[in-house]
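Notes follow the structure.
The sequence lines fix the lettering, A, B, ..., with proteins before strands; numbering per chain opens at 1.
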There are 2 protein chains.
Amino acid sequence: MGTAGCRLGYSDRVTGHVNGLGRNLDGVRRGNLSTVLRLVHRTGAASRSQITQFTGLNRSTVAALVGELVERELVVENDPEATSRVGRPSPIVTPHRGPVAIAVNPEVDAITVAIVGLSARVDRRVRREVDHPVTPQETAQIVAQELAGLSAELADRRVVGIGLAVPGLVRSADNTVRWAPHLAWTDSAIVPLVEAATGRPARAGNDASLGGWAEHLFGVGRGIDDLIYLNGGASGIGGGVISAGSALGGHRGFAGEFGQNRPGFTDPADQRTVHGTLEDEVSRARLLAVLGIPGGDEAALEAALVNSSTPAVREELARQRRVLAVALSNAINVLNPELVVLGGFLASVYASGPEELERDVAALAVSAAWEGTRIRPAGLGEDRLMIGAAELAFSALLADPAGDF
Amino acid sequence: MGTAGCRLGYSDRVTGHVNGLGRNLDGVRRGNLSTVLRLVHRTGAASRSQITQFTGLNRSTVAALVGELVERELVVENDPEATSRVGRPSPIVTPHRGPVAIAVNPEVDAITVAIVGLSARVDRRVRREVDHPVTPQETAQIVAQELAGLSAELADRRVVGIGLAVPGLVRSADNTVRWAPHLAWTDSAIVPLVEAATGRPARAGNDASLGGWAEHLFGVGRGIDDLIYLNGGASGIGGGVISAGSALGGHRGFAGEFGQNRPGFTDPADQRTVHGTLEDEVSRARLLAVLGIPGGDEAALEAALVNSSTPAVREELARQRRVLAVALSNAINVLNPELVVLGGFLASVYASGPEELERDVAALAVSAAWEGTRIRPAGLGEDRLMIGAAELAFSALLADPAGDF
DNA sequence: GTAATATGTTGTTCGAATCAACAATCAAAA
DNA sequence: TTTTGATTGTTGATTCGAACAACATATTAC
C-alpha cells in the first residue's frame with residue numbers, strides 16, 4: 001500500500017464544526033470515516049489490517065468504521081486473498097459498485113459525459129458532437145438528455161453528483177465560470193443550470209487543474225504530494241499545482257494558469273511573438289504548422305512527430321523545449337515540486353528530447369530545488385478529465401461519508 | 001476579532017496520532033488547545049466569548065480549554081474590559097508573559113539574537129557584529145554566548161526553543177541548511193550545533209519565507225490566507241508563498257526562490273544581463289549605482305530615492321518596475337493570491353510608482369486572476385525576521401500546548 | 001500436530017465535548 | 001430605582017467514540 005500522503009482533499013476540509021475550527025466527537029467520526037473511505041477509494045483495495053496501519057487507529061475502531069461504510073453501501077468486504085503470511089488473513093475492503101459520479105467536459109466541438117465509479121474507473125463514456133459552441137443552457141440540456149439516455153445503465157447504481165471540467169476559469173467560492181474563452185462563457189452560473197436540468201448536485205472546476213488532481217491521485221503523481229501539472233491542449237496550456245497533497249486553488253480558485261505567463265528566453269532568437277504568452281510560444285498549432293498537417297487528435301500528432309522528423313520539425317521541437325525549460329525552471333524555483341507532469345502535446349515535446357529538456361532545466365533552476373525533482377509524461381489517457389471531474393462530484397461524499405446523499 | 005483563517009500551521013499538522021491519519025479523543029483535545037492558543041497568540045487578546053464564537057465549541061468546553069492553558073502558564077485571564085454591551089462581560093485571554101522564543105538571524109556582517117514573547121513582540125534584540133563570515137560552529141558559539149548574556153532577562157521566563165532565519169535554502173525534512181551562498185554554508189547541520197551549544201531545541205528556516213509567514217500572521221497579510229511575499233535584500237530577492245493559510249514549502253522546503261527566476265521582458269531594452277535572473281535585473285545594487293551612493297540601510301536607500309529623483313534614477317526605477325511587473329503577473333497567474341507583499345527595496349521600487357506597477361501587472365496577468373489581488377508594501381519593520389524565526393520556535397508548542405516543553 | 005504470529009470480535013472503560021439548569025453581570029426600559 | 005432582557009460563566013449529568021483487554025480464529029513455521 002503506497003503511502004497516500006497526508007492532506008486528502010480537493011478544496012474541502014474536515015473539521016468538527018461546520019463553522020469554526022473547534023473539534024468535537026462528531027468531527028472525529030466524520031474524519032475517520034472520510035479517511036478510511038478515501039484510502040479505499042484511492043488504493044482501489046485495502047485490507048482491514050492495512051487500514052489499521054495507515055490510520056494508526058485501533059483494530060476494533062477500524063472494524064466499526066468499515067462496518068458503517070459497508071452498511072451505507074460505500075464499500076464491500078471481500079474474503080481475504082492468499083498472502084502467504086503468518087497470522088489470520090484480513091478481509092479486503094473495496095469500493096462499492098453502487099455510487100457513481102457523472103463527469104462532464106464541455107468543449108467547443110463536443111460535450112463528453114461519463115459514468116465514473118467510486119473505484120475511479122470510467123464505466124461508460126458518451127460524446128455528443130455539437131456544430132456550434134454551446135451555451136450554458138444548452139450544455140445543461142444536453143447533460144440532462146445524455147443522463148436520461150444512460151438511465152438503463154444507472155438503474156442499479158446511485159448517482160452521487162455531477163462534476164464539470166470546464167476549459168476556463170472557475171471561481172471556487174460559488175462554482176461560477178468566470179471566463180471560458182473558447183466556449184464564450186462569461187460569469188456563467190452553469191452549476192445551478194445543470195442542477196435544475198438534472199435534479200442532481202453539481203460542481204465545476206478548471207479542466208487542467210482537475211486533470212492534475214487526477215494525475216496526483218491515480219496517474220504518475222500517485223503518492224506524490226508536491227507536483228505541478230502542465231497540459232498542452234489545442235486551445236493552449238493549462239495546469240494545476242498540488243502542494244502538500246492539496247490542490248492549490250488560490251484566493252478565487254484561478255491558480256494554475258501557466259499558459260498565460262510571459263516566458264523568459266535563454267536565446268532571444270527563440271522568441272516568436274511580441275508580448276506573447278507561453279502558450280503563444282509553445283503551442284500545438286506551431287507544431288502542426290511545421291509538420292504541415294491540419295489537425296487531428298493527440299495520437300495523430302505524436303505519430304506525425306515520430307514519422308516526419310525533418311530538420312525544421314526537430315528545430316521547432318528544440319525551440320519549444322528551450323522555452324518550456326525556462327518556464328519549468330521558474331515554476332520549480334517557486335514551488336519546489338517533487339514531480340513535473342506534462343500532458344497533451346507537452347508530453348510529445350518532452351518525449352522529443354527528455355535529456356535535453358532536463359539538462360536545460362537543471363542549468364536554469366536553483367540546483368537544490370531541482371535536485372529531487374523529476375519530469376514525467378502524464379500517466380492517465382483521455383480519461384484524465386473524466387476522473388478529475390468525478391472526483392469533484394465525489395468530494396462531498398468523501399469528506400462526509402455519513403452525510404445524506 | 002479578525003478572522004484568523006483556517007489552516008493554522010507553519011509546516012506542522014494536528015492529527016490524532018503521531019503516525020497515521022486517524023483521529024481520536026486525544027487529537028481532539030490537542031487540536032482544540034492548539035486552536036485556542038493560536039488564536040490568542042495571533043490576536044494578542046481574545047475574550048472567552050470570542051473564542052467560543054470562533055471555535056464553535058460549547059461555552060463549557062472553552063472554559064475547560066482556557067483553564068488548562070492557564071494552568072500550564074501559557075495564557076492569562078484578565079478582568080473584562082468595559083464593552084458597553086448587554087450581558088455578562090467575558091474575561092480577556094492574553095498570552096502569558098512567561099514563554100519566549102529565541103530568534104536568530106545569522107548574516108554576513110552580524111548575528112542578531114532576539115527574545116520574542118508569545119504575544120509576538122520583540123522584547124529584546126542584540127546584534128553581534130562579526131568581521132568575517134561565520135561558520136556554523138561559530139554561529140552556535142555566538143548564540144550560546146549571547147543567550148548567556150541575556151540570562152538575567154530570561155530569569156523569570158521560560159525559553160521554549162530557538163528559531164533560526166537563515167539566508168539560504170533550508171531542507172524542511174531535517175532542518176539542514178542545504179546552501180547559504182553568502183555565509184558559504186553547504187549541507188550544514190546548524191540545528192544540532194545550536195542545540196548542543198545551548199541545550200535547547202532549535203529549528204531553522206529560510207529567512208524570506210519566515211518573513212512572509214510573519215507578514216501573514218502579524219503584518220499587512222494578517223487574516224489573508226493566500227499571499228505571496230517578495231523581499232528585496234542586499235544579497236538578492238527571496239520570497240515565500242502562503243496558500244490556504246499554510247506556508248508553501250514544496251517537496252524539500254526550498255519553495256519561494258522568486259529571485260532565481262529568469263524574467264520575461266515586455267521591452268527587450270529593459271534587459272541588462274545575459275541569462276540573468278530576476279535579482280540580477282531588479283536589484284538594490286543597480287539602484288545604489290544610479291544613485292551614486294555606496295550603501296547603507298533600508299531607510300537610507302528610501303531617503304536617497306525620495307531626495308534625488310534625477311531622470312536616470314527615475315528611469316532605472318521605472319525599468320525595475322516593468323521587469324518586476326512581469327515577474328509578479330506570472331506569479332499571480334500561477335498562484336492567484338489575494339495579496340502581494342513587497343518588502344525591502346522592492347517596497348521602495350513599488351512606492352516609486354504604485355499605479356504604474358499595478359497598471360502593468362493588470363495588463364499582463366490573467367484579468368480574472370488579478371481582479372481580487374492587491375499589492376502592498378510590507379507592514380512589519382526589521383522585526384519581521386525575528387518574529388518569523390520565533391514562530392518557528394513556537395511551532396511545536398502551538399501545535400501541542402499540552403506537550404512537555 | 002504444536003507453537004508462534006497476526007488479526008477479527010466482544011464487552012468494558014475512559015475521556016472529551018455537549019447539554020441543561022442556574023448564577024452572574026451588564027444595558028435598556030419602565 | 002426597579003425591572004426586564006440579553007449574554008456569559010459555572011456546574012453536574014449525559015452522550016458518544018476510540019482505546020483496551022481478553023478471547024477467538026486463521027494462517028505459517030517447525
Side-chain angles (χ1 to χ4, degrees), chain A residues 1 14-36 46-71 77-93 400-402, chain B residues 1 14-36 46-71 77-93 400-402:
Chain A
M1 181 177 57
V14 182
T15 58
H17 280 269
V18 177
N19 278 331
L21 291 165
R23 291 151 186 257
N24 56 15
L25 298 179
D26 262 25
V28 171
R29 186 63 171 187
R30 183 159 53 239
N32 283 337
L33 285 172
S34 172
T35 301
V36 172
S47 71
R48 285 247 298 261
S49 71
Q50 283 176 320
I51 296 172
T52 304
Q53 281 178 21
F54 177 78
T55 59
L57 298 170
N58 192 280
R59 288 205 296 267
S60 51
T61 305
V62 171
L65 291 167
V66 171
E68 182 167 347
L69 293 176
V70 168
E71 211 163 81
E77 274 194 307
N78 295 107
D79 287 339
E81 294 167 342
T83 56
S84 75
R85 283 176 50 198
V86 265
R88 178 174 175 174
S90 194
I92 305 295
V93 183
D400 183 13
Chain B
M1 177 180 60
V14 182
T15 57
H17 278 271
V18 178
N19 277 333
L21 291 164
R23 290 150 186 258
N24 56 14
L25 297 180
D26 262 22
V28 171
R29 185 66 167 185
R30 181 160 53 236
N32 284 338
L33 284 172
S34 172
T35 301
V36 172
S47 71
R48 284 249 293 263
S49 71
Q50 283 176 320
I51 297 173
T52 305
Q53 281 176 24
F54 177 79
T55 58
L57 297 170
N58 193 280
R59 286 203 297 268
S60 48
T61 307
V62 171
L65 291 168
V66 171
E68 181 167 348
L69 293 176
V70 168
E71 210 163 82
E77 271 192 308
N78 294 108
D79 286 340
E81 294 169 343
T83 56
S84 76
R85 282 175 52 197
V86 272
R88 176 173 179 174
S90 194
I92 306 294
V93 184
D400 184 12

Just verifying a value: how many Å separate B:I51 CD1 and B:T61 OG1, rounded to the nearest 0.5 Å? 12.5 Å

Is there a side-chain contact between B:T55 and A:R23 in this structure, where contact means two heavy atoms from C-beta onward sitting under 4.5 Å apart? no

What is the separation between atom CG on A:L65 and atom P on C:dT9, rounded to the nearest whole Å? 14 Å

Using the side-chain heavy atoms of A:N24, tell me which of these nucleotides is nearest: C:dT7, C:dT9, C:dA17. C:dA17

First locate atom CD of B:Q50, then atom CD1 of B:I92, and finally report the distance between them rounded to the nearest 0.5 Å. 6.5 Å

First encountered from the 5' end of DNA chain C, between A:S47 and B:R29: A:S47

Whole angstroms only, please: what is the CG-P distance between A:D79 and D:dA26? 11 Å

Consider side chain to side chain contact (heavy atoms under 4.5 Å, CB included). Of A:L57, A:N58, A:V62, which one does A:T52 pass it with? A:V62

Atom CZ of B:R23 to atom P of D:dA19: distance rounded to whole Å? 13 Å

Rounded distance in Å - CG (B:L25) to C1' (C:dA16): 6 Å

If we ignore hydrogens and angles and just use 3.5 Å, is the side chain of A:S34 paired with the main-chain N or O of A:R30 as donor and acceptor? no

Separation of A:R30 atom CZ from D:dA18 atom P, in whole Å? 12 Å

Check whether any side-chain heavy atom of A:R29 sits under 4.5 Å from a side-chain heavy atom of A:L33, and report yes or no. yes

Can you tell me how far P of D:dG17 sits from CG of B:D26, to the nearest Å? 17 Å

Rounded to the Å, how far apart are A:L57 CG and C:dT7 C1'? 16 Å

Check whether any side-chain nitrogen or oxygen of A:S90 sits under 4.0 Å from OP1 or OP2 of C:dG8, and answer yes or no. yes

Looking only at side-chain N and O atoms, does B:T61 come under 4.0 Å of OP1 or OP2 in C:dT18? yes

I need a per-nucleotide contact map over nucleotides 20-30 of chain C, read 5' to 3'. Cutoff is protein heavy atoms under 4.0 Å; write B for the base, S for backbone only, - otherwise. -B-BBBBS---

Under 4.0 Å between any heavy atoms, over every strand shown, what does A:S49 touch: base, sugar-phosphate, or nothing? Just pick one. sugar-phosphate

May I have the distance from B:L33 (atom CG) to C:dA16 (atom P), rounded to whole angstrom? 9 Å

For C:dA17, take OP1 and OP2 only and decide whether either is under 4.0 Å from a side-chain N or O of B:N32. yes

Taking five pairs at each end, how big is the angle between the two axes of the helix from C:dG1-D:dC30 to C:dA30-D:dT1, to 10°? 10°

Does a side-chain N or O of A:R48 approach OP1 or OP2 of C:dT9 to a distance below 4.0 Å, or not? yes

Donor-acceptor pair, side chain of A:S47 and main chain of A:S90, under 3.5 angstrom: no

